[in-house]
Amino acid sequence: MNTALFPGSFDPVTAGHLDIVERAAAIFDRVIVCVMVNAEKHPMFSLEERLRFLRDSIAHIPNASADACGGLLVDFARQHDARTLVKGARGCADFENELQMAQINRGLWPALDTVILPAKSEHLHISSTMVREMLRYRQPLDRCVPAGGLAAIRSAAEGKV
Ligand code: PNS
């Protein structure tokens, strides 16, 4: 079975993330979306909340699942026998960052490769940072966040803004 991992902070999941999961699920036998700890970031939502939003958002994709990991990504990949990481890139800045991460991860486990999918044009302006800002100002999020996760994200944000 050809398993791919889609790692990220997902704070929270966006419509762009969902698009990457759907496209990866059409390429690979199985996709595991992995909510990771990014030591550089202070997330708005807990690991458990981010995982729940993701599960609600990808429930319609039969070969995709979501999990959480507080450790090293390559260890998680080994445990799940996943040899491919999938990442999305909206532009040069994302691509450069992902290129660097791909080299680091391959250095840690040479069997692990990274596939970078270009974001669709309608998602180029969407980021988790922008979604958090929209939540703070209680702005409509219908096109920015997956329909399946929207209600839970909005209600969880109410206690934090
Ligand atoms: O969505 P993000 O924040 O850009 O994702 C970055 C993330 C979480 C995928 C990256 O920070 C990560 O893989 N963290 C887990 C620890 C790890 O394996 N780091 C890379 C080698 S030191």
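The model shown is predicted, which means the values in this text are computed figures rather than measured ones. Each ligand, and each atom within it, is numbered from 1 in the order the structure gives. If you read the sequence from its start, that first residue is 1, and numbering goes on from there.
- An N or O contact shorter than 3.5 Å links Lys41 to ligand 1 by distance.
- Residue Leu99 is found in a hydrophobic cluster whose other members, listed by chain and number, are Phe95, Ile116; membership requires side-chain heavy atoms under 4.5 Å apart, directly or through intermediates.
- Side chains of Pro7 and Leu73 form a contact here, defined as non-hydrogen atoms less than 4.5 Å apart.
- The option with the heavy atom closest to atom 20 (C) of ligand 1, from among Glu40, Gln100, Met101, Met36, is Met101.
- When only non-hydrogen protein atoms are considered, atom 19 (N) of ligand 1 lies nearest to Leu72 CD1, 4.3 Å.
- The Ile104 neighbourhood of ligand 1 comprises atoms 21 (C), with distances under 4.0 Å to a heavy atom of that residue.
- Comment: Arg132 engages Asp11 in a salt bridge, judged by a side-chain N to carboxylate O separation of less than 4.0 angstrom.
- Of the listed residues (Ser128, Cys34, Ser9, Ala77), the one carrying the non-hydrogen atom nearest atom 1 (O) of ligand 1 is Ser9.
- Aromatic ring centres of Phe53 and Phe10: separated by at least 6.0 Å.
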Do His80 and Ile32 pass the side chain to side chain contact (heavy atoms under 4.5 Å, CB included) test, and can you show the C-alpha distance, the side-chain angles, and the key distance before you say yes or no? CA-CA 9 Å; His80 292 81; Ile32 306 173; 3.7 Å; yes
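- Each of the following atoms of ligand 1 lies closer than 4.0 Å to a heavy atom of Leu73: 13 (O), 17 (C), 18 (O).
- On a distance-only criterion, Glu98 and ligand 1 share no N/O pair closer than 3.5 Å.
- Asp113 has a carboxylate O that lies under 4.0 Å from a charged side-chain N of Arg106, or vice versa, which qualifies the two as a salt bridge.
- Using a 4.0 Å threshold on non-hydrogen atoms, atom 7 (C) of ligand 1 does not count as touching the protein.
- Considering only non-hydrogen protein atoms, atom 11 (O) of ligand 1 sits nearest to Asn38 CG, 3.8 Å.
- Of all atoms in ligand 1, numbered sequentially from 1 with element shown, those under 4.0 Å from a heavy atom of Val37 are 14 (N), 15 (C).
- Residue Lys87 has no N or O atom closer than 3.5 Å to an N or O atom of ligand 1.
- With respect to the salt-bridge test (charged N to carboxylate O, under 4.0 angstrom), the residues Glu49 and Lys160 qualify.
- Heavy-atom proximity to atom 16 (C) of ligand 1, evaluated over Gly70, Gly8, Gly71, is greatest for Gly71.
- Residues Leu54 and Val35 have side chains in contact (heavy-atom distance under 4.5 Å, counting atoms from C-beta outward).
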